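Structure first, then comments.
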Amino acid sequence: MLPTAQLKAFTREAAAILARESDLASFEVYTASSESRIARLNYTSDIPSRGLEEFKSLHADGFQLRIAMRRDPHEVGTAFEAADLSRDSVRDAIRRARSAAVVDPHFPGFLPELRERISANSEKSDLAKVNDSSIAAAAWDALGGALESFAKHAAKQPSASPSERPGLIIGGDVSVIRDRISVFNSNFSEIRTDESAHFNASVTAIVESLDAKGTGNSLGGSVAAMRTASSVLGRDAVMRALALGHGVRPASGTFRVVLGPQPVAEILNYMVMGSLTTGAFHAASSAYHAKFGERVMNPRLSLIDDPLYRAGAMRRRITCEGIPTGRLEMIRDGNLVGLLSDFYDSNRLLTDEHRAEKLGPHAPEHVDFPPLNGYRLGESGGRRFDASPGAAGSNVVMRTHAGLTEPELIRTVGDGIYVGRIWYTYPINGQRAGDFTCTVSGDSYLIRNGEISEPLAPNCLRINANISEVFLNPLAVGARSLPATVWGSPEAYYVPALAAERIALAEVGPTT
C-alpha cells in the first residue's frame, strides 16, 4: 500500500494543477490505496491438497477527478486513473473528464467547508502493518484446529465406520482488507486523510460421509482479534458439522422460526439497508416508501450505523467525500427516523418537488439528511479510487428492548425450526415490495417442545417471506447483538437472533 504522506502529496499537486485550469468552476481530487490479502483454506482428506493455497491479493492504487465547468456549474465530468500518480496522468484525466462532462441539473456542487473538527486518528489498527506470515499463521491455526477437532471427535459418531472414508473438506479464508485515502475539493481549506483495516475470517467444514456442513465466521479490527478468532473457527466449524450429520428434510409448510444472527444480518444486508437510503426514497424504490417517521419495525428494535463503534470491525473518521463520520440512527424503537446518505443524494431528496409524497405524511416538516455515509467502496468494504460515492453503512448495530436469551427464544417457539445460516438471499417482486427468498444452507435444526432436536440437511429448505414478518411482527427478539458476516458486504453487522411467528418454507429436493 502507498503511504498516507504520498497520497496527500499527490492530492496537493493534483489540486494545484486543477486550480490553474481557467474553465473549471470547481473540482474534487480523491486518491486511494487499498489492498486485500487472502489466505485461502483448501483441505481435502481423500485427495492430496496443500491445505493452504498461495496468497490471493487485490491491490488498487489510483485517483479520481470530478470537475464542474465554469460555463455551467451543473456540467460535471469524472475520470480516474490507476497506479500512475504523476502530473501527466492528472492532465490526461482532466482531458478525459472534460470530454465526459454532462449537464446534471441535480448536481449541488461539491461539499462545502465544514465547521466540524476532524478528530485525530488515535486508534489506528495494527492490521494496517500486519505481514503475510501472520495472516498465514492465523489460517494454519484455523485449519489445525479443524483437523484436531475432527480427529478427536469423529470416531465418537454413532454412524462412523472404520472402513468408511470420512470425506472431510475444509474451505474458507482469512482475509485482511485495508485502505488509505486522501480527499480535497476546491471548497476545502485542507486535505483530509484517513485509513482503516479489518479482517474477515470464515471456515466451512463438510463431512461427506454424514452429509453434513458446519461453518464458523468472525470479523474484527486487530491482530489479536484475528489470532483469537482463528484459534477457534476451525474447531467450531467441525463440531457443528459433526452435530449436523444425517439431517432431516422437513416437508413444505408454515413454521415458527428462530433466525440466528447470520440470517438476520443477511436479510438486513440484501433487503433492508438498500431501502434505508436517500437515493432509494428519491427513486421511490424503498420498501419503506412514504413511511418516514412511521413504525416500520417492532418497537423492541432499533438500528444504527456507527463508523466509530468501539466493538466494530470498521473504523472510519471521514467519508470518501471528506466529511467527519458520525453515528446515525435509522430505526429508533421501531420508527424510521434517519437515512444513509451521500452529499449528492441528500440534496437531491431535499430539493425533490415530490419529497412530501415520497417521505410520507408522518415525516417532520423540517427534516435533514446529513451526508454521513458517502463512501467509494469495493467488495468487502475496502475504499477504491474507481468507485463512485454512494450511501453505505460501516458498523450496523441492531439494539433490542426486552430481549431474550437464545434458549428462551427457542422455548418461546415451542415447535418450529432454528435457522442458523442462509444464502442466496434476494428480493422478489422488486425491492419496494419487501418480499424475499433465500436458502437455509446449514447450522439449522428442528425445534421440538422448546428444545433443539434433529439437524436439518444442508440446503433442504427455502424461505419465502416478507421483511415485515421478520422485523415488524417478530414473536420475540434476542437480547445480545453478536457479530455476523455477509459475504461481499461493505458493512459489518452486530445483530441479535429473532423469532418469527409464521414463515413459509418450501422443500428443496435432494440432488442425485
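Only a predicted model underlies this, so the values are computations on that prediction, with no experimental measurement involved.
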**Prompt:** Taking S49 as the fixed residue, which of I170, T44, I169 is the one that meets the side-chain contact (heavy atoms from CB on, under 4.5 Å) rule?
**Reply:** T44
**K358, NZ atom: more than 12 neighbouring heavy atoms under 6.0 Å** = yes
**Prompt:** L340 and side-chain contact (heavy atoms from CB on, under 4.5 Å): which partner among V396, L328, L372?
**Reply:** L328
**Asked** Are a donor atom and an acceptor atom from the side chains of D306 and N395 found within less than 3.5 Å of each other?
**Response** no
**Message:** Which label fits F80 and F385: parallel for a plane angle under 30°, tilted from 30 to 60°, or perpendicular past 60°?
**Reply:** perpendicular
**Message:** Donor-acceptor check, side chain of S33 to backbone of L2, threshold 3.5 angstrom: yes or no?
**Reply:** yes
**No-hydrogen, no-angle side-chain donor-acceptor test under 3.5 Å, N187 and E113** = no
**Request:** Measure from the side-chain N and O atoms of E75 to the backbone N and O of V103, and report whether any donor-acceptor pair falls under 3.5 Å.
**Result:** no
**Asked** Any chance the rings of F63 and F10 have centres within less than 6.0 Å?
**Response** yes
**Donor + acceptor pair across side chains of S133, N131 (<3.5 Å)** = yes
**Message:** Do F55 and D132 have side chains that approach each other closer than 4.5 Å (heavy atoms only, starting at C-beta)?
**Reply:** yes
**Asked** Do N269 and S489 get their side chains close enough for a donor-acceptor pair, meaning under 3.5 Å?
**Response** yes
**Message:** Atom OH of residue position Y424 - does it have more than 12 heavy atoms of other residues, nucleotides or ligands inside 6.0 Å?
**Reply:** no
**Request:** May I ask you to test the I191-L7 pair for a side-chain heavy-atom distance under 4.5 Å?
**Result:** no
**Request:** In plain terms, say whether R96 and E81 are close enough for a salt bridge, that is, a side-chain N and a carboxylate O under 4.0 Å apart.
**Result:** yes
**Request:** State whether the side chain of H198 and the backbone N or O of G220 hold a donor-acceptor pair below 3.5 Å, judged by distance alone.
**Result:** no
**Prompt:** Quick one: does NZ or CZ of R316 land under 6.0 Å from the six-membered ring centre of Y375, within 45 degrees of the ring axis?
**Reply:** yes
**Asked** Short question: side chain of N335, backbone of V337 - any donor-acceptor pair under 3.5 Å?
**Response** no
**Request:** Check the side chains of T319 and E321 for a donor-acceptor pair under 3.5 angstrom, ignoring hydrogens and angles.
**Result:** no
**Prompt:** Any chance the side chains of T11 and T31 put a donor and an acceptor closer than 3.5 Å?
**Reply:** yes
**Message:** Using modelled atom types and a 3.5 Å cut-off, is there a donor and acceptor pairing between side-chain atoms of S481 and backbone atoms of M398?
**Reply:** yes
**Item:** Distance under 6.0 Å and angle within 45° of ring axis: R376 vs Y30
**Value:** yes
**Request:** Answer yes or no: is there an ion pair linking D333 with R300, defined by an N-O contact shorter than 4.0 Å?
**Result:** no
**Message:** Nearest 0.5 angstrom please: W487 CH2 to N217 CG, how far?
**Reply:** 13.0 Å
**Prompt:** Looking at residues at least two apart in the chain, or sitting in another chain, which of them share a side-chain hydrogen bond (donor to acceptor under 3.5 Å, both in side chains) with T215?
**Reply:** R421, D443
**Asked** Is R317 paired with D194 through a side-chain N to carboxylate O contact shorter than 4.0 Å?
**Response** yes
**Ion pair E13/R87, N-O distance below 4.0 Å** = yes
**Asked** Salt bridge between D141 and R227, side-chain N to carboxylate O under 4.0 Å?
**Response** no
**Prompt:** Hey, is the main chain of G478 close enough, under 3.5 Å, to the side chain of T400 for a donor-acceptor pair?
**Reply:** yes
**Request:** Might you confirm whether atom NE2 of H401 has over 12 heavy atoms from other residues, nucleotides or ligands at distances under 6.0 Å?
**Result:** yes
**Request:** Assess the side chains of D92 and S89: does a donor N or O sit below 3.5 Å from an acceptor N or O?
**Result:** no
**Request:** For N373 and D305, test the side chains for any donor-to-acceptor distance below 3.5 angstrom and give the result as yes or no.
**Result:** yes
**Donor on one side chain, acceptor on other, R37 and S57, under 3.5 Å** = yes
**Cation over ring face, R192 and F188, 6.0 Å, 45°** = yes
**Flag if over 12 foreign heavy atoms under 6.0 Å of NZ, K56** = yes
**Request:** May I ask you to test the V367-L359 pair for a side-chain heavy-atom distance under 4.5 Å?
**Result:** yes
**Request:** Quick one: pull up CZ in R180 and OG1 in T4 and give me the separation to the nearest 0.5 Å.
**Result:** 5.0 Å
**Asked** Under 3.5 Å, is there a donor-acceptor pair between the side chain of Q262 and the main chain of A484?
**Response** no
**Prompt:** Between R332 and E329, is there a side-chain N and carboxylate O pair less than 4.0 Å apart?
**Reply:** yes
**Message:** Check whether S186 reaches the backbone of F27 with its side chain - one donor and one acceptor, N or O, closer than 3.5 Å.
**Reply:** yes
**Prompt:** Which residue pairs pass the ring-ring contact (aromatic ring centres under 6.0 Å, His included) test when at least one of the two sits in residues 278-321, sequence neighbours left out?
**Reply:** H106-H282, F292-F369, Y309-Y494
